[in-house]
Each structure stands twice: as C-alpha cells, then as structure tokens.
Amino acid sequence: MAKSSSLNVRVVEGRALPAKDVSGSSDPYCIVKVDDEVVARTATVWRSLSPFWGEEYTIHLPLDFHHLAFYVLDEDTVGHDDIIGKISLSREAIAADPRGIDSWINLSRVDPDAEVQGEICLDVQILEDTRGRCLRCHVFQARDLAPRDITGTSDPFARVFWGSQSLETSTIKKTRFPHWNEVLELREMPGAPAPLRVELWDWDMVGKNDFLGMVEFPPRVLQQNAPSGWFRLLPFPRAEEDSGGTLGALRLKVRLIEDCVLPSRYYQPLTELLMASVLGPAEEDAASPLALLEELTLGDCRQDLATKLVKLFLGQGLAGPFLDYLTRREVARTTDPNTLFRSNSLASKAMEQFMKLVGMPYLHEVLKPVIHRIFEEKKYMELDPCKMDLGRSRRISFKGTPSEEHVRDASLGLLTGYLGPIVDAIVGSVGRCPPAMRLAFKQLHQCVKERFPQVEHEDVKYLAISGFLFLRFFAPAILTPKLFDLRDQHADPQTSRSLLLLAKAVQSIGNLGQQLGQGKELWMAPLHPFLLQSISRVRHFLDQLVDVDGEEEAGGPARALVAPSVIVREGYLLKRKEEPTSLTTRFAFKKRYFWLSGEALSYSKSPEWQMRSSIPVSHIRAVERVDEGAFQLPHVMQVLTQDAAGVLHTTYLQCKNVNELNQWLSALRKASAPNPDKLASCHPGAFRSSRWTCCLQAERSAAGCSRTHSAVTLGDWSDPLDPDAEIQMVYRQLLLGRDQLRMKFQEDLNIDSSPEADAEKGSGATEGVCPSALARHREAAARLLEVLEDLDRAHEEFQQWEQQRAALSPLGH
C-alpha cells in the first residue's frame with residue numbers, strides 16, 4: 001500500500017502586468033516553487049503586459065509539502081531580472097475543493113521578511129530546581145535557510161525568547177546550513193505562562209539584520225510534550241497584502257490529487273470489468289460498465305479520465321480494443337458525418353491522449369527540423385492585408401515602392417518553402433509512425449467506412465483520421481512548439497504569427513480542402529493552389545498508414561510505454577572532472593554529450609564519438625541540486641552513486657538553464673525510482689578546501705546537511721505505467737458519480753418489462769425499451785456498485801491500520 005500526491009498546475013495567462021522596461025512593456029515569465037524548491041519555469045513572453053503561457057505541469061510530490069508559489073519576473077538581458085509579484089497558495093487552500101482552483105488571482109508584492117524557508121533542529125526541556133522553573137533549549141542546527149547575502153549564503157544566528165528573557169547563539173558565517181550545538185537556559189519570570197519563540201536572523205555588518213524565519217510553541221505544548229526534532233521555519237504572522245490588482249493578475253488552474261493506492265489484488269475486479277467491456281460483443285457496448293463510466297463523467301474530467309484509461313489499457317496490452325470500443329460507440333451515435341469526433345467526447349480525448357503518449361518521439365522526428373529552421377531564420381511572413389507591416393518590405397525586396405503585393409508574394413514564397421518540407425516529412429513518415437498508432441487508425445478507418453458507405457461520404461474515412469493526426473496532433477504542435485517539447489522557449493510575436501499561418505495551412509490540408517475559399521480568411525487564397533496539390537498526397541499517405549498487418553497490439557502482452565533501453569533524454573551538459581587540478585573552477589567543467597535510458601547514464605565527447613563512459617542507473621542513490629555558491633556557477637546538479645564496495649561517488653553536471661536542470665533532475669529521479677537504499681540526506685555544496693561549502697563541516701564523510709527530494713518529479717509522456725494508480729483514479733471518478741449510478745439502477749428496476757405488465761399498461765409504456773438491454777444495464781450498474789463497496793471497505797481498513805500504527809509509534813515532528 002502506498003500514498004501518492006501530485007499537483008496538476010496550469011499557468012494560463014497574465015493580465016494588466018506593470019511595465020518594467022523603458023519601452024513601456026515587460027518580458028514576463030513565471031517561476032513555480034513547491035516549498036521553495038523551483039520545479040518549473042515558463043518560457044518568457046517578449047514585450048507583453050498580458051502574456052499567454054498555457055503551460056501545464058504535473059508535479060509528483062512528497063506527502064508533507066506545505067505551499068505552492070508563483071513568482072512573475074521581467075527578464076532583462078543586462079543585470080538581474082525584476083520581480084513583478086507573487087501568488088502563494090497553501091496546501092490547505094488547494095485541497096479545500098476537490099476540483100481545485102481555476103480563477104484569476106491578483107499578484108502580491110514580494111516581502112523579503114515573508115520569503116522564509118528551511119528548518120531548525122531543537123530539543124527543549126522544562127526543568128525545575130530550588131530556584132524555580134528553567135527552560136533549556138538545545139539549538140543543534142538549521143538547514144536550507146534563505147540566502148540573504150549577494151554571495152548566495154547567510155550569516156545566521158538564533159535568538160530564543162521566553163517571556164521577557166532572551167538569549168542568542170553565536171553567528172556562523174557564510175552558510176545556509178549552520179551547526180551551533182549550543183544550549184541556552186532561560187529562567188521563568190513571574191506572571192502567566194509564556195510561549196517559546198525561536199527566531200533566526202542573518203547578521204549584517206552594515207544596516208539591519210535580515211529575518212530568516214521563526215518557530216513558536218505555546219505554553220500548553222511546552223508543558224505536555226516538550227518540542228524535540230526538526231521544525232519548519234515560518235514568517236512573522238501578518239495579513240497577506242492584496243495589491244488590489246495594481247501588480248496585475250494570473251489565471252491559474254491548480255488541483256491537488258492525494259490518494260492511497262492499494263495492492264493490485266484489490267483492484268482486480270474493477271480492472272476485469274473494464275477489460276471485459278472492450279472485449280465483449282459489439283451489441284453490448286451501450287450497456288457495459290465502461291459505457292456507464294463514460295455517462296457519469298462530466299466534460300471537465302474527461303481529459304484526466306481519458307489519460308488514465310489509455311495508460312491502463314496500454315499496460316494491459318488492450319489499447320487497440322479500447323480505442324476501437326470508443327470509436328464504435330461514437331460512430332454509432334453520429335448521424336451527420338460532418339460532426340464526427342468534433343466534440344470533446346471520451347473517444348476524442350482518448351485518441352488525442354493516446355497519440356501524445358505513444359507518438360511523441362514520432363512527432364519530434366517529423367517536425368523538429370523544420371520548426372528549428374523557422375525559429376532560427378526568423379523570417380517575416382504575412383498574407384492578411386490588415387496585419388501587414390509594409391515597412392518590413394524593404395528587408396524583403398530592395399526594388400520598387402513597398403506594396404502589399406511585394407509582401408504577399410515574398411511571404412507566399414517563404415510559407416511554401418516551409419510548408420513543402422513539413423508536408424514532405426509527414427507523407428514520408430509512414431514507416432516511422434508507431435505500429436500501435438497505425439493499427440488504431442486502421443480500426444478507425446474501417447469503422448467509419450462501414451458506418452458511412454455512401455459515395456458522397458467517400459472522404460469521411462480519411463477525415464476521421466486526419467482530424468486527429470493533422471488537426472489535434474501536427475497543427476497544435478506547429479502552433480505552440482513549446483507545449484510539445486519541440487522548443488525550450490515560446491516564439492517571439494513575429495515567429496508566432498508565422499507558426500499560426502503554417503498551422504492554419506496544415507489544418508486546411510487535414511480538412512482535405514473542404515473549407516477552402518469559405519469563411520472570413522479569404523486572404524489565405526494565394527496558398528490554395530499549394531494546399532490543393534498536397535491533398536492528393538495526404539490521401540495516399542493515409543491509405544498507406546492504415547495498410548498495416550499485425551494483431552499483436554490489439555490484444556497482445558502488456559508493455560511499458562518506454563523500454564528500459566530507450567533513450568528518454570539526451571543533450572549536452574558540462575561535467576566536472578573527478579579530481580580537477582586547476583584552481584579555476586569553471587575550467588574544471590568540460591562539455592560532454594549525455595544519454596539517459598532506464599539502464600544507464602552514458603556520455604562521450606560528442607554524439608558521434610564511439611568511446612562512451614556510463615553510470616549504471618541501478619547505482620544511483622540520489623539526484624539533487626547544488627548551491628550556486630559551491631562552484632560559483634548556476635544550474636548545477638549532482639548524481640550520487642554507490643559502487644559494489646559501498647563507496648559513494650559524486651558526479652557534478654551543469655545545465656544551461658533552470659528548465660533543463662528541472663527536466664534532467666526529474667528524468668534521473670524517475671529512472672532511479674526503483675533503486676533500494678536511497679539517501680535521505682546529502683550535501684548541496686561541494687567538498688573544497690578541506691570542508692563542505694554548504695555546512696562548513698571538515699570531514700568529507702560528514703552526514704548530509706540537507707534533505708533529498710527524490711519524490712519531486714515532473715510528469716511527462718515517458719512516465720512509466722502505473723496500473724494501480726490509474727485504476728485508483730477510475731475508482732475515484734466512479735465515487736463522484738455513485739449517486740447517479742444508484743439512481744440509474746433504481747430507475748431500471750422500476751421499469752417492469754414483463755409481458756403481463758405490458759398488456760396492462762398498453763403498448764406505449766415500454767416503447768423503445770429493450771428488455772435484454774435493461775437487464776444488461778441493471779447487471780452492469782449492480783456489479784459496479786458492488787465493486788465500489790468492496791474498495792470502500794478496503795480503504796477503510798487501510799485507514800484504520802494507519803491510525804493504529806500512528807498511535808503505537810512515538811510522536812514525531
């Protein structure tokens with residue numbers, strides 16, 4: 001049995017941000033922090049006070065996280081980036097509504113005294129002697145304190161208050177991980193019992209000291225259970241200042257998902273019901289448990305459910321039958337072929353998520369070269385006369401007077417110059433398309449062809465496939481490459497407009513030219529000849545795509561999304577030499593090309609280099625950030641490994657930016673997740689000049705001074721399948737609709753379908769009601785309700801066991 005916790009975060013957009021640049025605009029980006037750990041950074045949106053990011057993250061978390069924060073900054077090419085404002089959400093606020101937060105939230109000013117992080121280790125005792133009561137506070141150490149000095153460290157000391165008495169520890173210079181090991185004793189003064197407050201401060205030679213955080217214990221706690229252990233530092237209590245919208249606002253979507261995942265055997269009955277739904281006869285589709293689940297799921301939950309179901313059936317080797325089942329249901333209830341798969345039904349969402357899960361490497365292989373060219377060349381392209389900037393025509397043509405015709409002709413040449421390679425790459429990619437995708441499209445093609453066999457509907461079987469492949473896969477990736485991991489940054493406004501024109505053209509090709517010349521965008525007409533020429537090639541491509549044999553994907557063995565030998569991440573990193581002899585730190589890092597699979601982290605001088613070194617993933621014990629002050633370099637991480645003799649080794653790697661750092665941290669942590677003997681702590685610094693730069697300890701073997709964060713990872717398409725977690729989410733979804741399920745079951749029972757009742761009530765009483773269908777509905781609803789009750793009991797037993805274990809264990813902090 002395991003508990004899981006994850007945050008679904010979507011940074012949608014901002015509005016009314018203040019101008020930070022002399023141009024009257026800003027270059028905003030957003031940083032996402034969980035308990036002061038940077039987990040994500042959006043791309044920078046250049047020259048905008050109302051930026052749209054649309055970036056979504058799934059963050060897997062430890063169960064004891066406390067708050068989520070969003071910082072909006074203005075990127076500057078010279079000097080430090082300007083802070084615009086922040087939004088802080090407590091765990092309790094996020095968990096208050098199971099549906100999460102979806103709203104505009106005003107930004108607040110960043111108060112340095114409220115930017116508190118870290119923990120302090122204390123042991124408190126209340127002693128009595130002939131002179132009265134005495135409080136003994138043993139201040140051991142602190143960790144992960146906020147950096148208050150420009151060097152990225154602090155000079156911390158602790159101040160202890162009890163009543164009117166106060167004492168201070170010594171000051172430890174240049175560290176965020178101070179070790180005091182000092183005992184402070186305070187005598188109780190006459191009067192009412194007083195609380196104990198411990199404050200941490202950063203000592204400054206010039207100016208006032210900077211606040212680092214505090215902990216406070218009321219008299220009742222001191223009397224009943226004297227504090228001992230690690231305690232999270234908090235800011236001074238104060239009301240959150242609302243800027244009243246003067247700093248702008250963010251639109252955020254945040255949902256916390258916390259669950260207890262039971263052992264597999266408890267989910268087996270529910271899994272078998274869902275599997276039987278897709279393997280049963282087609283005539284029973286409408287009365288299956290899966291059909292009931294679809295009916296009970298509201299539109300805003302369908303995407304999450306579709307993702308979980310696709311992963312669940314992929315893990316069972318039944319993705320093909322699952323998609324075929326949904327397709328049959330969708331096609332059967334569609335009367336107008338023009339509306340086929342146009343809604344956000346479970347069938348549409350499932351196919352969309354299936355393509356992303358299975359086809360992301362294929363998408364990258366097809367589109368990445370052309371997308372890279374577009375970003376690098378930064379050509380100006382425009383066909384809409386209302387949006388043309390004629391001043392740019394001088395860069396396009398040096399002959400004659402600037403005119404719309406010059407811009408249009410030049411833009412047409414550039415657009416077709418990009419569209420040609422895009423279409424060539426797509427129609428030439430039949431052999432690279434994953435077999436599972438091709439088989440799903442083959443089943444879709446056959447189902448639609450049988451439903452709409454008329455000559456006038458000849459194109460419907462093509463449109464069903466191209467509607468997914470072109471309109472929901474290729475075109476969105478061209479429009480927003482950042483969201484499909486094709487680029488690290490969003491496009492600037494000019495490139496973004498070029499991508500929009502190309503995405504519109506690809507959509508028109510995917511629609512097989514059916515809407516060309518219609519609507520408001522008649523200015524696209526110059527592209528029509530090229531688009532019409534491409535349509536016949538696309539039809540041929542789709543015919544080839546569905547011409548595939550093989551039933552192994554339809555009902556074959558279960559498989560992982562990514563095989564252990566498959567490369568899940570690669571790229572250049574800077575690697576520090578094992579024992580650098582140079583006194584200059586930055587020259588100790590050498591550029592190397594890295595590959596990460598489920599088996600090894602390998603590297604060499606270049607991608608073509610034949611000689612490779614490797615670190616077995618099974619040897620990894622922790623993957624953590626390194627403080628910037630350790631090497632005076634940003635974005636450094638460490639990979640701690642243990643050899644056969646039990647000796648720990650550390651490999652330091654530098655990434656080019658914070659996003660790349662987060663992605664490598666996440667990928668390495670997920671790859672090494674099954675490893676035993678993970679480290680609970682490590683040093684976020686480096687051992688240099690005979691001491692650790694983080695905690696200043698002189699022994700290389702000293703225990704780690706900071707907690708590790710192996711549970712903090714980012715979800716992506718390459719995540720391993722987890723059938724138990726996925727079926728647990730399906731169970732939660734069914735719980736939300738259990739009342740509807742019971743009502744449906746009762747309604748079916750109240751319909752008496754016996755011949756005698758029909759004779760008494762008249763033939764109209766049961767018109768259109770099939771007795772066998774009603775029986776199947778009742779049976780499916782009854783089985784689902786029974787399975788839900790069994791899972792309810794299992795969860796209750798687990799909670800009771802947890803409570804008993806907590807009651808027997810010693811009280812921790």
Side-chain angles (χ1 to χ4, degrees), residues 2 4 39 58-62 311 314-315 357 360-361 485 558-578 589-607 609-626 635-655 659-684 704 707-725:
S4 66
V39 294
T58 298
I59 307 163
H60 304 297
L61 296 166
K311 286 188 171 183
L314 271 171
L357 287 167
M360 199 63 79
D485 293 326
R559 62 180 185 85
L561 269 181
V562 181
S565 59
V566 171
I567 303 299
V568 296
R569 185 150 195 88
E570 61 181 296
Y572 278 107
L573 298 172
L574 297 178
K575 178 182 178 296
R576 186 175 185 254
K577 292 181 178 178
E578 296 296 332
F589 284 79
K590 297 296 182 182
K591 190 175 183 180
R592 296 290 183 265
Y593 196 87
F594 280 80
W595 298 266
L596 174 64
S597 70
E599 297 171 341
L601 176 65
S602 307
Y603 58 94
S604 66
K605 288 187 176 180
S606 70
W609 200 263
Q610 297 299 315
M611 295 288 292
R612 291 190 187 183
S613 301
S614 67
I615 300 170
V617 165
S618 59
H619 290 186
I620 295 176
R621 295 295 174 262
V623 185
E624 296 295 320
R625 282 179 170 81
V626 175
H635 318 311
V636 177
M637 65 178 175
Q638 55 181 321
V639 181
L640 290 95
T641 57
Q642 190 173 40
D643 62 22
V647 179
L648 286 175
H649 303 272
T650 306
T651 302
Y652 295 100
L653 305 171
Q654 187 188 16
C655 304
N659 266 351
E660 186 178 73
L661 173 62
N662 284 328
Q663 289 159 3
W664 274 104
L665 283 169
S666 181
L668 283 162
R669 285 171 181 171
K670 284 188 285 192
S672 59
N675 293 355
D677 303 324
K678 289 289 198 59
L679 296 179
S681 64
C682 72
H683 290 281
R707 288 195 296 179
T708 54
H709 303 83
S710 59
V712 181
T713 60
L714 295 173
D716 60 25
W717 63 269
S718 64
D719 281 355
L721 299 175
D722 188 349
D724 293 340

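Positions are given from 1 along the sequence. Just so we're clear, the structure is a prediction, and the values are computed from it rather than from any experiment.
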Pairwise distance [atom1]([X]) to [atom2]([Y]) - rounded to 0.5 angstrom:
X      : Y      : atom1 : atom2 : value
Lys605 : Met611 : NZ    : CE    : 10.0 Å
Leu679 : Ile620 : CG    : CD1   : 11.5 Å
Leu574 : Phe594 : CG    : CZ    : 9.0 Å
Lys590 : Arg576 : NZ    : CZ    : 13.0 Å
Leu596 : Ser614 : CG    : OG    : 12.0 Å
Arg612 : Arg592 : CZ    : CZ    : 14.0 Å

So, [X] side chain and [Y] main chain: donor-acceptor pair closer than 3.5 Å or not?
X      : Y      : answer
Ser672 : Leu668 : yes
Gln638 : His683 : yes
Glu624 : Pro684 : no
Arg669 : Val623 : yes
Lys670 : Leu714 : yes
Thr641 : His619 : no
Ser597 : Glu599 : yes
Asp677 : Arg621 : no

Apply side chain to side chain contact (heavy atoms under 4.5 Å, CB included) to residues Trp664 and Leu573 and explain how you reach the verdict. CA-CA 10 Å; Trp664 274 104; Leu573 298 172; 3.6 Å; yes
Does the side chain of [Y] come within less than 4.5 Å of [X]'s, by heavy atoms?
X      : Y      : result
His709 : Leu61  : no
Leu601 : Thr651 : no
Tyr603 : Ser613 : yes

Give me the atom names and distance for the closest heavy-atom approach of [X] to [Y].
X      : Y      : result
Ala600 : Val617 : N-CG2, 3.5 Å
Ser606 : Tyr593 : C-CB, 4.0 Å
Tyr572 : Pro607 : OH-CD, 3.1 Å

May I have the step-by-step check of side chain to side chain contact (heavy atoms under 4.5 Å, CB included) for Asn662 and Arg625, ending in yes or no? CA-CA 9 Å; Asn662 284 328; Arg625 282 179 170 81; 2.3 Å; yes
